[in-house]
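First comes the structure, then the notes that go with it.
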Protein chains: 2
Amino acid sequence: MPIDSFKNLPVKDLAQLFKLLAEPNRLHILCSMGLECRPVSAIIAGTGLTQTNVSFHLRALREAGLVKAERHGSFVFYCLYDTRLLELLEALNDWRQVHAPSTEFVSGQATQAS
Amino acid sequence: MPIDSFKNLPVKDLAQLFKLLAEPNRLHILCSMGLECRPVSAIIAGTGLTQTNVSFHLRALREAGLVKAERHGSFVFYCLYDTRLLELLEALNDWRQVHAPSTEFVSGQATQAS
DNA sequence: GACTCACATGCGTGGCAACACATATGCCTA
DNA sequence: TAGGCATATGTGTTGCCACGCATGTGAGTC
């Protein structure tokens, strides 16, 4: 693997993944799922989104292979396919905090980069 | 730090970062910059995009703090603020290859996940 | 089978983002 | 200072995406 292997990154595919993660609500859904499987109703309650909207986003995440759905009775449980995604999100967030703090709350105070 | 610290991720800010990275051309620009500083004209040549478009995307990246601009004569050189971003991109791409291959080329053959 | 609950889907709408064209600005050279 | 090159910016258009409403489907209960 050459040093500048990032020049050969599949930009298009990677961008498609980022597009999925670029939606605050979708990201919220992913994070609120965490490590466990939860029924859609729990996700709706946890996020405060409408049922239509949650279903819409779950479909996108499911079709992209980020989450999987399992029927249990009349409930459909959703969970992450690979929870390591959350670690990557945290890593990226650590980087962001240092680098592009934008709107960030530090010890209860808003530090807006004007 | 609790185990489920990802439930406290600043979803909105993180999504904003992903939004920047969700544009194939913008991602291409970032990757093609690599570790060195390059003038806009080089980026234009490297990406094949129009001057307007490159300038447009560079502005977004600059205002987000992902890249910095330096004037040298009549040229403006752009480079990454923190090249560790590329490592994160690679990590995320490795994850993606395993997990959401979507449209991926392996040894010249398209392996479409139908 | 009728009713209910959990979830999915089709359709229409509004808003935003990428892009191109034209033009402005800044720097250099002669 | 005139002219040309490098880059930025303003405006308008187009296309896509998130969202809500209404409705469909599938499972469980009686």
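Reckoned from all heavy atoms, side chains included, excluding hydrogens, waters and symmetry mates.
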Subject >> Distance, rounded to the nearest Å, where A/Phe75 contributes CZ and C/dT4 contributes P >> reply: 17 Å
Original post:
According to a strict under-4.0 Å criterion, is A/His57 in side-chain N/O contact with OP1 or OP2 of D/dC17?
Top reply: no
Original post:
Atom CZ of B/Arg38 to atom P of D/dA6: distance rounded to whole Å?
Top reply: 15 Å
Subject >> For atom CD of A/Glu70 and atom P of C/dC7, their distance in whole Å >> reply: 14 Å
**OP:** Taking atom OH of A/Tyr81 as the centre, report whether more than 12 heavy atoms of other residues, nucleotides or ligands fall under 6.0 Å from it.
**Re:** no
Original post:
Do you know the tightest heavy-atom contact between A/Leu80 and A/Gly34?
Top reply: CD1-O, 3.4 Å
Subject >> Residue pairs, two or more places apart or on separate chains, that pass ring-ring contact (aromatic ring centres under 6.0 Å, His included) and touch residues 33-59 of chain A >> reply: none
**OP:** Could you please name the option among C/dA20, C/dC7, D/dC19 that lies closest to any side-chain atom of A/Ser55?
**Re:** C/dC7
Original post:
When the distance from CG of A/Leu27 to C1' of D/dA18 is rounded to whole Å, what number comes out?
Top reply: 15 Å
Original post:
What pairs meet the side chain to side chain donor-acceptor pair (under 3.5 Å) rule with one or both residues in residues 31-43 of chain B, with sequence neighbours excluded?
Top reply: none
Original post:
For A/Arg71 and A/Asn25, take the nucleotide of DNA chain D holding the closest heavy atom to each; which residue's nucleotide lies nearer the 5' end?
Top reply: A/Asn25
**OP:** Using the closest heavy atom to pick a nucleotide of DNA chain C for each, name whichever of A/Arg62 or B/Lys19 lands nearer the 5' end.
**Re:** A/Arg62
Original post:
Hey, does the side chain of B/Arg26 come within less than 4.0 Å of C/dA18's phosphate (OP1/OP2), counting only N and O?
Top reply: yes
**OP:** Please determine if a side-chain N or O atom of A/Thr50 lies less than 4.0 Å away from the OP1 or OP2 oxygen of D/dG20.
**Re:** yes
Original post:
Of A/Gln51 and B/Val76, whose closest DNA chain D nucleotide lies nearer the 5' terminus?
Top reply: B/Val76
Original post:
Base, sugar-phosphate alone, or nothing: which one does A/Tyr78 contact when heavy atoms must sit under 4.0 Å apart?
Top reply: sugar-phosphate
Original post:
Do B/Val67 and B/Leu30 come close enough that some side-chain heavy atom pair is under 4.5 Å?
Top reply: yes
Subject >> Atom-to-atom span, CZ of B/Phe56 to P of C/dT23 - whole angstrom >> reply: 21 Å
Subject >> Nucleotide C/dA24, atom C1' - distance to CZ of B/Arg59 in whole Å >> reply: 14 Å
Original post:
Which whole-number value in Å describes the distance from B/Glu63 CD to D/dA8 P?
Top reply: 11 Å
**OP:** Output the single nucleotide from C/dA18, C/dC7, D/dA6 whose closest atom is nearest the side chain of B/Glu23.
**Re:** C/dA18
**OP:** Check the distance between D/dC19's C1' and A/Asn53's CG and give it to me in whole angstrom.
**Re:** 6 Å
Original post:
With a 4.0 Å cut-off on heavy atoms, is B/Thr52 in touch with a base, just the backbone sugar-phosphate, or nothing at all?
Top reply: base
Original post:
Hey, does the side chain of A/His72 come within less than 4.0 Å of D/dA27's phosphate (OP1/OP2), counting only N and O?
Top reply: no
